[in-house]
Amino acid sequence: MDRYNVRESEARWQGVWEEAQSFQAEEDPAREKYYVLEMFPYPSGRIHMGHVRNYTIGDVIARYKRARGFNVLHPMGWDAFGLPAENAAIERKVHPRDWTLANIDTMRSQLKSMGLSLDWSREIATCLPDYYKEQQKLFLAFLAQGLAYRRRSWVNWDPVDQTVLANEQVIDGCGWRSGAPVERRQLRQWFFRITRYADELLSAIDGLERWPDKVRTMQRNWIGRSEGAEIRFRFDGSEEWVEVFSTRPDTLFGASFVALSPQHALTAALAENDPDLAKFVEDCAHLGTSEAAIEQAPKLGYDTGLKVLHPFLPEKRLPVYVANFVLVDYGSGAIFGCPAHDQRDMEFARKYDLPVLPVVAPDGQEAEERAAWLQNLAEAAPHAYDGPGRIVNSHFLDGLPIAEAKRQAVERLEQLGEAKARTQFRLRDWGISRQRYWGCPIPVVHCDTCGVVPVPEAELPVLLPDDIDLSAGGNALEHHPTWKHVTCPECGGAAIRDCDTMDTFVDSSWYFARFCSPRASDPVEPHAADYWLAVDQYIGGIEHAVLHLLYSRFFMRAMQDCGLIDLKEPFASLFTQGMVVHETYKDETGAWLSPDQVERKGETVTTLEGQPVTVGRIEKMSKSKRNVVDTDHIIQVYGADTARWFMLSDSPPERDLVWTEAGIEGAWRFLNRVWRLTLHPDAPLAEAGAPMPAGAEEGAAGTLLRQIHRTIDAITHDLERFHFNRSVARVHELVNAITALKEDTPAAAWVRRSGVETLVRLIAPMMPHLGEELWQALGGKGLLCDQPWPEAEASYLQDESITLAVQMNGKLRATIQVPSDADKSRTEELALADETVQRHLEGKAPRRVIVVPGRVVNIVI
RNA sequence: GCCCGUGUGGCGGAACUGGUAGACGCGCGCGACUCAAAAUCGCGUUCCUCCGGGAGUGGGGGUUCGAUUCCCUCCACGGGCACCA
C-alpha cells in the first residue's frame, strides 16, 4: 500500500497557497476583521520549538477565524536590533547587519516550511531604515509632546563593557556579559514619560478582561500605586526642610529619625564638606543591587549631625541619617523612620540605638497585657508590628483605627502647611538610551549654542554608519571617526549627534501597528490602523508579561496623544503559552548528552553504544543542557503537520509541553491513519455529493451521523477557548467511530463519507497540508483553506435515548437508558425499576429521590 | 516576607455553571496478520477484592441528596514581586 508522501505534499501545498496569495490581507470595511498576532521573533539564527508552538497556536486561530468568515490579518516580522548581533559580530568578524539578515533568511524559510497562513507581503524587520525611520519620527513626536526628555539619572553601569545596563541585564549585582560588579552612576539619558499614564495604565487593566489574571496582577504590582503624604521636616534653626514620603502618616508620633538616600541631593551637598560622608556614599554605590545582595546587606547609616523638628511636637528633635536602604528614585528619596512599625526602620534603630516608640497596638488586649506588649516592642522585640490595630501614644490620634488616623494626620498637616496628600507609583520613567551600535539612532544633535536640537524630519532617517569598529568596546558610534560630527540644523554651527541608540523594547512597542500599513510613509496610516487595530488575539510567552506588554500599552496612549492613532489598548485578548521542555541526559562523566545521542528502550536509557545514561530533570530546551530538538530535522522526517499536531495534543497550550520522541511518533501514526481512512478505507465511501439515502439516520449509521455533528459542535467550542488538546481528542474519537462503522450498506457508506469530509474540514486549521491533500482527493472544490467552517445541525446533536447514572446515597449503583425527553417522574420510575436498585432497596421505600433531568438520579435510603 | 498559580492512573491530561472521575493519547500486557520483524488491526489496562463489593482526584475538616469542582486549614511544587517607606 502506498503511503502519504509528506515532504512532497507539504512543499506542493505551500507553493499553491503562495501562488494563490491565499493569506494576503486586504482592508475591506464591508467585512469583519480579525487580527491574530504572535510575538515576533528575534532573529537569533534558527527557529526553535518554542517558536513552533507559538506559531502553530496562532495559525490554528488564524485559519479557524478565516473559515468562520473573518477578514484575517496574520503578519510576521523580525525584532532585529539587539546585543546578540553585536556579540556575534565581534566573535565572527561579520557585520551585525549581515549576520542579522542572514538569520532572517534562514528563519523565514523555516517558518515557510511550517505552512503558516501568514501574509508575507507585510513582512518587516526593525533593523531596516524604512522601519526605524518611522520610529525616529515617533521619537520626535514624543519629544514635542514632552513624552521624551533627557535628564541625569542613576543607572547600572558596567565598568568593563562601559555601558549602561537595563535592570534585567544585571544578574546578582554583576553585568551579565562582563561579570563585573555593577556600579551606580549618574548619566544623562533619554526617558519616555510612561509615568504620565501611571494611573491610566493601572485603572485600564480592569478592562482587559481577555488577558490572563496573572499578567494583569503582575502589571498592577509593577505599576505599584500607593497613597500617602509628602511631609516636610524642617531643620532646626533654619528655613530649610527635607521632604519625606510616607504611606503611614498615622505613625508620625512614633518617628525617631529621618534618613536620606546616599544619592539624595542634600547628601551630595553635605558630602562636599564631609569626607567621611563622601566615603560612605562611595561605599554604598558599590553595594550590589541584586536580590541576594540586598537581602544580606546590613542596614548602614551615617549620622549627619543635623536635626529636624517633628511637625506635631515643636520641642522634639529627630536626627538625620544617610542610610543605604533608602532609594533615591522612590518618593522623595528620604524617609522618616518609625522603628516600631517598619521592619527596616526597626533593624536600623536597634543597630544605631535609636528609640523605638510603639504607636499602634492590636485590638482586644487587656490593659496589663497591652502595657507588657508595648514595652516588649519598645525594648526587645526584633520584629516591627505592621498589623491592624488602634493608635496609642499619639495625642489627638489616640484610639483611632489606622485608616482614620492616616486621614486625620494628613488633614492636620495640611492645615499646618506641612504636608500634602500624594499618590506615589513604583513605576519609573522608561530609560531608553543604550550605549550600543545595533539599535535605532536617537534623532537629535547636541549643539553648544542651541542645546538639544531634533533632526529635521526631511533629514530622516538618521542612518547607522556601515563602517563600524565594534572591537574597541564601549560606545562604537561615539568612537566612529566622522558619524557624530554634524552641523546644527538651527544655527549651522558644529554639533554632535546623540551617539546612543534606543532600547530594543522601543522597536517592539509599536510593530503591531506598523503591520497595518507596513510600507506607509508615516508610522501608521489612520484608515489602516482604524480598520485593523486593536490586535484581536495576541499570543506569546509569559516572560513579556510586564515589559513589552506594558511598554506597548504606553506607546498607544503616547501615540494617541500625539494624534497619530486612535487607540489605547493594543491587545484586546492575550494568550500566554507555556514552554517546550525536554528531559535532560548525562553520561557517566556527568557531561550533558543531546537527545539524539541516547536511545530509549522502554524505561531504560543508554547511549547509542549502550553506555549508561542518567535521566535528569525535564527542563526548558537550552543549548547549555543540550536538550534541544532541531525543528528542521523534525519537519524533514515527519512533516510540519505532524509537528503541529503534536504541539496541539496532550498539554493545554498555557502549560509547559514535554517534547518526547514517543509523542511525535504518535502524532505521525495518527496523521497516516487519517490519510488511510480517507484514501484507503476498509469499507466503501459514497460518491461525492450523493443524496442522503434512506436509513442514514437510523441504527449504527445514525449514531455515527449524530456523533459527526456533536464533534463539529464540540471542536468549535474548544477552538474558541484554546482547548486544542480537547479538539485533538475529539478528532481521535471521530476517527475511531468512523473506523468502527464497517457495515456495507448505502446508508453507512454515505455517513462514512460525511464523516471523512467533516474530519478533513475539522483538521484543516491544525494539519493544513494533509487537509488540502485529502480535500482534493475527495473531490472538494477549490482550496480547503478557503472553505467555510462546517456547521453542526441542531437536530443531530441529541440521541433519542441517553444513559443516566443512578446513585444511591451518592454512590453510583446503576446506569439506565431513558428517552432524552423523559420527564422527572418517568425518569424516577425507570430508575426505581432497575434490578440493581431494587436489590439495594431490599423492599423498602426510598426516603427521597432527587432527579436532575439529563444528569443523574440520586436515591436516598 | 508578600501576591498568584498548580497538585487527578506508570506518563501527558479529560470531566460544561456541584451530577457516571480517569475521555483522548502515550506507555505497557495479551492476541491477530507474518517464515520473521516493522507497519497495521483487535482486546485489556486506577488500586484492592472473598467478584457481593470496597477505596480513590496532595493531607485533614466542613457545606450538600451528591464535591476533582464550593468553604476552612495544613503540606508540596512552580511562578511573580521584594530595602517601594
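Keep in mind that what you see is a predicted model, and the values were worked out from it rather than measured. Chain identifiers are assigned alphabetically (A, B, ...) following the order of the sequence lines, protein sequences preceding nucleic acid strands; residue numbering begins at 1 within each chain.
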Open item on the list: On the nucleotide B:rG13, are OP1 or OP2 found under 4.0 Å from the side-chain N or O atoms that A:Arg655 carries?
Closed with: yes

Open item on the list: Suppose we call two aromatic rings close when their centres sit under 6.0 Å apart. Are A:Trp430 and A:Tyr551 close by that rule?
Closed with: yes

Open item on the list: Given B:rG54, B:rG19, B:rA21, identify the nucleotide with an atom nearest to the side chain of A:Leu812.
Closed with: B:rA21

Open item on the list: Under 4.0 Å, heavy atoms only, any strand: does A:Arg673 hit a base, just the sugar-phosphate, or nothing?
Closed with: sugar-phosphate

TODO: Based on the glycosidic angle (syn within 90° of 0, else anti), state the conformation of B:rG13.
DONE: anti

Task: Donor/acceptor link under 3.5 angstrom from A:Arg220 side chain onto base of B:rC4 - done: no

TODO: Starting at atom OH of A:Tyr330, determine the distance to atom C1' of B:rA85, rounded to an integer number of angstrom.
DONE: 7 Å

- [ ] For B:rC83, take OP1 and OP2 only and decide whether either is under 4.0 Å from a side-chain N or O of A:Arg426.
- [x] no

Task: P gap between B:rG61 and B:rA67, integer Å - done: 14 Å

Task: Given B:rA85, B:rC81, B:rC83, the nucleotide with the shortest approach to the side chain of A:Trp222 - done: B:rC81

Open item on the list: For a quick check of understanding: with a heavy-atom distance under 4.0 Å over all strands, which category does A:Val658 fall into, base, sugar-phosphate or nothing?
Closed with: nothing

Task: Check: A:Phe312 ring centroid to A:Phe253 ring centroid under 6.0 Å - done: yes

- [ ] May I ask you to decide whether A:Glu347 forms a salt bridge with A:Arg344, counting only side-chain N to carboxylate O separations under 4.0 Å?
- [x] no

Task: Proximal nucleotide (of B:rA85, B:rC83, B:rC65) relative to the A:Lys299 side chain - done: B:rC83

Open item on the list: Suppose you measure atom P in B:rU6 against the same atom in B:rU69; what distance do you get, rounded to whole Å?
Closed with: 13 Å

- [ ] Determine: side-chain N/O of A:Arg848 to OP1/OP2 of B:rC65, distance under 4.0 Å, yes or no.
- [x] yes

Open item on the list: So A:Arg669, base contact, sugar-phosphate only, or nothing? Heavy-atom distance under 4.0 Å.
Closed with: sugar-phosphate

Task: Protein-nucleotide distance (A:Arg839, atom CZ; B:rG53, atom C1'), rounded to Å - done: 9 Å

Open item on the list: Nearest whole Å is fine: how far is B:rC11 P from A:Glu665 CD?
Closed with: 22 Å

Task: Beyond-backbone contact of A:Arg426 with A:Trp222, side-chain heavy atoms, under 4.5 angstrom - done: yes

- [ ] Select base, sugar-phosphate, or nothing to describe what A:Val326 touches, counting heavy atoms under 4.0 Å on all strands.
- [x] base

TODO: Run the ring-centre check on A:Phe646 versus A:Tyr638 and record whether the distance is less than 6.0 Å.
DONE: no

Open item on the list: Main chain of A:Val658, side chain of A:Glu583: is a donor-acceptor contact present, judged purely on distance under 3.5 Å?
Closed with: no

- [ ] Determine, for A:Arg710 against A:Asp713, whether the closest basic-nitrogen to carboxylate-oxygen distance falls under 4.0 angstrom.
- [x] no

TODO: Among B:rG12, B:rC83, B:rC84, find the nucleotide with the atom closest to the side chain of A:Arg428.
DONE: B:rC84

TODO: Kindly point out which of B:rG54, B:rG19, B:rA14 is positioned nearest to the side chain of A:Ile850?
DONE: B:rG19

Task: B:rC72 and B:rG5, which share atom name P, separated by this distance in whole Å - done: 13 Å

TODO: Please report, rounded to the nearest Å, how far the P atom of B:rC84 is from the CZ atom of A:Arg422.
DONE: 16 Å

Task: Separation of atom CZ in A:Phe670 from atom P in B:rA39, rounded to whole Å - done: 18 Å

Task: Residue whose nearest RNA chain B nucleotide is more 5′ - A:Asp656 or A:Thr660 - done: A:Asp656

Task: Nucleotide of B:rU20, B:rG78, B:rG25 approaching A:Asp650 most closely (side-chain heavy atoms) - done: B:rG25

Open item on the list: Could you tell me how far B:rC65 sits from B:rC75 if I compare only their P atoms? Round to whole Å.
Closed with: 32 Å

Open item on the list: Under 3.5 Å for both donor-acceptor distances, Watson-Crick or wobble: does B:rA38 have a partner, and if so which one?
Closed with: none

- [ ] For A:Glu733, report the nucleic acid contact type (base, sugar-phosphate, nothing); a contact means any heavy atom under 4.0 Å.
- [x] sugar-phosphate

TODO: Figure out the CZ/P separation between A:Phe325 and B:rA82, and round it to whole Å.
DONE: 18 Å

Task: OP1 or OP2 of B:rC65 under 4.0 Å from side-chain N/O of A:Lys811 - done: no

Task: Test side-chain contact (heavy atoms from CB on, under 4.5 Å) applied to A:Thr247 and A:Glu227, step by step - done: CA-CA 6 Å; A:Thr247 54; A:Glu227 290 187 17; over 6 Å; no

Open item on the list: With rounding to the closest Å, how many angstrom separate the P atoms on B:rU45 and B:rG66?
Closed with: 30 Å

TODO: Spell out yes or no: do the side chain of A:Asn221 and the base of B:rC81 have one donor N/O and one acceptor N/O closer than 3.5 Å?
DONE: no

- [ ] Select from A:Gly854 and A:Ala334 the residue whose nearest nucleotide in RNA chain B is closer to the 5' end of that strand.
- [x] A:Gly854

TODO: Would you mind reading off the distance between A:Phe245 atom CZ and B:rC84 atom P, rounded to a whole angstrom?
DONE: 12 Å

Open item on the list: With a 4.0 Å cutoff (strictly under), does any side-chain N or O of A:Arg344 reach OP1 or OP2 of B:rC84?
Closed with: yes

Open item on the list: Of the options B:rG27, B:rG53, B:rA23, whose atoms approach the side-chain atoms of A:Ala662 most closely?
Closed with: B:rG27

Task: Phosphate OP1/OP2 of B:rA23: any A:Asn736 side-chain N/O under 4.0 Å - done: no

Task: A:Lys214 side-chain proximity, nearest of B:rG78, B:rA85, B:rG54 - done: B:rG78

- [ ] Could you check if the base of B:rG9 is syn or anti? Syn means the glycosidic torsion is within 90 degrees of 0.
- [x] syn

Task: Side chain A:Gln807 and base B:rG19 donor-acceptor under 3.5 Å - done: yes

Task: N or O in side chain of A:Asn725 less than 4.0 angstrom from B:rA14 OP1/OP2 - done: yes

- [ ] Tell me what A:Ser649 touches on the nucleic acid: a base, only sugar-phosphate, or nothing, going by heavy atoms under 4.0 Å.
- [x] nothing

Task: Sub-4.5 Å side-chain heavy-atom contact between A:Tyr330 and A:Phe245 - done: yes

Open item on the list: What's the gap between B:rG13 and B:rA23 when it is taken at their P atoms, as a whole Å value?
Closed with: 15 Å

Open item on the list: Measure CD/A:Gln707 against P/B:rA23 and give the value in whole Å, please.
Closed with: 15 Å

